[in-house]
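Here is the structure we will look at, set down as structure tokens.
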Amino acid sequence: MELTRRHMLWLGGAIGAGALLTACGGGGDEEPNAAAGGGSAEPVKGGTLRVGALGRVGAITRDPHGSQANESDYLILSLIYDTLTVPGTKPNTEPRLAASWKASDDLKTWRFTIAKGAKFHDGSPVTAADVVFSLKRLRATPAGASRLPGIQAKNISADGIDTVVIVSDYANAELPLLVRLTTFVVPKGTTDKNIAKAPGTGPFKLDWFRGGNARLVRNDDWYGGDVHLDAIEVKIFESPQAMASALLAGQIDLASNVGAVAARTAESRKDIKTVRRPNDMAMPIVLRTADGPFADAKVREALRLAVDREVMVKQVLSGYGTVANDILGTGDPAYDTSIPQRTRDLAKAKRLLKEAKFDTSKTYELYTTEDIAGLAESATLFATQVREAGVKVKVVKQESAAFWDKTWLKGDLYTTYWGTNDSVVFFASKTMVSDSGTNEAGWKDKEFDTAYQKAIGTADASERTALLKQLQQIEHDSSGYLLWGMADGIDLAGSKVNGLPTLPGYGRVQLERAWLAR
């Protein structure tokens with residue numbers, strides 16, 4: 001089950017994966033010593049960008065519809081293959097392989113028109129049949145229902161050469177947004193045996209791949225516009241520390257998603273740029289609501305009130321982040337800032353625990369991993385803080401594979417992490433509606449499900465925003481998430497690197513507009 005969440009994170013979205021933005025300059029802030037866009041300088045063509053990305057050799061995959069447990073894998077795949085739509089700023093969904101889309105009046109049938117001039121790397125044109133094949137292949141994966149929510153394989157079809165028709169099980173005004181993250185397109189008829197060699201449609205073509213490292217060369221025939229770099233070389237690193245050291249030693253030009261500790265180390269270096277992406281990653285604590293010790297909403301509220309969020313952000317994220325309010329999707333234009341911010345209230349927390357008859361004599365295990373910087377540290381600090389409310393928590397660090405196999409979606413109390421943070425609807429559909437295949441807390445709430453269906457079934461944007469506020473209020477009050485803060489995403493780059501994307505989550509892996517100063 002690891003594939004779904006991780007795939008969407010580095011995207012993004014999420015697994016986030018991914019941000020396939022048409023223009024890489026939107027959204028996000030930078031540190032004073034950073035100019036990701038290179039100021040007013042004109043892009044220069046040529047050069048090879050050496051990029052470091054996190055991953056483990058034992059977890060490598062070459063299947064664009066499979067499990068991307070490595071950020072390095074997702075970076076490579078996202079530059080070779082295109083998705084139908086991509087994240088943007090305003091609006092937060094923009095065209096890519098699908099140049100346009102239109103819905104029926106009932107918002108169930110969507111028609112996506114393929115971009116003119118779109119070709120695979122072997123020169124063959126992209127057709128609707130290729131897209132249909134790819135979507136159905138994606139839908140057939142173990143997590144396909146979560147990746148394409150409300151869409152059955154039988155309801156994906158071609159209408160002529162350049163139009164794909166998708167019929168949803170229910171009215172869905174947000175379908176273009178929900179197909180941003182994982183809809184990589186390969187030629188019709190590609191077999192599982194040959195999937196690693198399938199030509200893509202993206203801005204770069206694979207030159208070679210060895211042990212997680214790869215060289216990609218510019219696709220001069222890309223339909224999406226000019227690509228400035230001659231090539232991108234991706235080097236796999238197992239830790240942010242090793243990657244940051246390689247950057248400081250001049251062995252790579254860009255350390256992708258390197259984290260706050262490395263950013264602090266590089267602050268004094270005039271030759272290093274820091275690209276800072278607010279709202280880049282959520283690291284919530286999941287409390288199982290279906291059964292077990294945290295099924296009572298009063299207990300979950302007590303734990304939320306026992307947390308000192310300011311301290312969590314300061315200590316776990318080294319200040320490179322912001323306080324959150326137990327609502328996922330903080331980067332969404334529809335995010336509701338009018339809901340009062342939860343703050344620490346130990347007296348109320350103790351009272352709620354007493355009312356719920358919560359057993360404070362027991363010690364509860366909190367499972368975590370060291371998959372990303374700060375995750376295990378957040379668990380340890382949480383355990384320290386809730387003890388002041390009378391709750392004893394023991395932090396258990398699990399090896400990554402064991403965690404995703406045994407704990408994720410099943411545990412009573414565990415940490416998780418998500419990118420692709422620009423959509424309330426994304427998280428609602430993937431992690432909170434009752435029938436979601438990746439409902440991390442086992443939360444089932446009819447009021448929430450109804451609010452979700454009403455929101456995505458509403459065509460009017462302002463009315464949909466109002467409905468999404470209702471959705472967020474329910475999530476804030478009773479979901480299984482304790483989201484204490486949002487981590488900034490941080491890339492470190494050499495002084496010659498320009499044009500880096502600054503969107504959070506999935507957005508950061510799209511490097512087609514990057515360029516190197518001479």
Side-chain angles (χ1 to χ4, degrees), residues 9-10 12 16-17 19 24-25 27-39 49-55 71-72 75 235-283 309-324 330-331 370-378 381 417-419 421 484-509 511 514:
L9 165 65
W10 292 133
C24 279
D29 297 326
E30 297 170 2
E31 291 294 280
N33 65 329
L49 179 68
R50 301 167 300 167
V51 182
L54 296 173
E71 184 168 1
S72 55
L75 173 60
K235 182 174 178 57
I236 189 172
F237 289 89
E238 291 200 355
S239 73
Q241 295 80 8
M243 183 164 56
S245 296
L247 175 75
L248 297 176
Q251 298 168 358
I252 58 175
D253 305 303
L254 172 64
S256 177
N257 202 32
V258 73
V261 174
R264 291 292 185 205
T265 302
E267 278 182 342
S268 62
R269 293 281 297 260
K270 301 296 184 183
D271 58 334
I272 300 296
K273 297 177 181 180
T274 302
V275 181
R276 186 170 176 174
R277 301 180 305 275
N279 290 303
D280 189 61
M281 184 176 294
M283 295 193 291
R309 297 160 195 259
E310 295 281 357
V311 171
M312 292 281 282
V313 169
K314 182 178 180 180
Q315 293 190 16
V316 175
L317 305 178
S318 299
Y320 282 83
T322 54
V323 167
T330 60
E370 294 182 315
D371 283 0
I372 61 170
L375 197 63
E377 291 81 359
S378 72
L381 185 53
Y417 59 102
W418 287 88
N421 189 54
W484 51 269
M486 289 299 305
D488 291 346
I490 299 185
D491 296 336
L492 296 180
S495 59
K496 293 184 178 181
V497 181
N498 296 277
L500 294 176
T502 55
L503 284 176
Y506 194 19
R508 62 186 167 74
V509 301
L511 301 175

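Starting from 1, each residue takes its place in the sequence as its number.
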Tell me, do [X] and [Y] make a side-chain contact under 4.5 Å, heavy atoms counted?
X	Y	result
T274	E267	no
L247	V258	no
V497	L49	yes
K273	L500	no

From [atom1] ([X]) to [atom2] ([Y]), nearest 0.5 Å:
X	Y	atom1	atom2	value
M243	N257	CE	CG	7.0 Å
I372	L54	CD1	CG	10.0 Å
L317	W484	CG	CH2	4.0 Å
I236	L75	CD1	CG	11.0 Å
T265	I272	OG1	CD1	11.5 Å
K235	S256	NZ	OG	15.0 Å

Which heavy-atom pair separates [X] from [Y] by the least distance, and what is that distance?
X	Y	result
R309	A324	NH1-O, 3.0 Å
I490	R277	N-NH2, 3.7 Å
S72	G55	OG-CA, 4.0 Å

With sequence neighbours left out, what residues match [X] under side chain to side chain contact (heavy atoms under 4.5 Å, CB included)?
X	answer
V261	none
E238	R56
T322	N279, M486
S239	Q241, A242

Neighbour count above 12 (heavy atom, 6.0 Å) for E377 CD
yes
For residues 244-255, the side chain to side chain donor-acceptor pair (under 3.5 Å) pairs (sequence neighbours left out) are R50-D253
Give me each pair satisfying salt bridge (Lys or Arg N to Asp or Glu O under 4.0 Å) with a member in residues 311-320, each pair once, sequence neighbours excluded.
none
Knowing that exactly one of D488, T330, T502 qualifies, which makes a side chain to side chain contact (heavy atoms under 4.5 Å, CB included) with P278?
D488
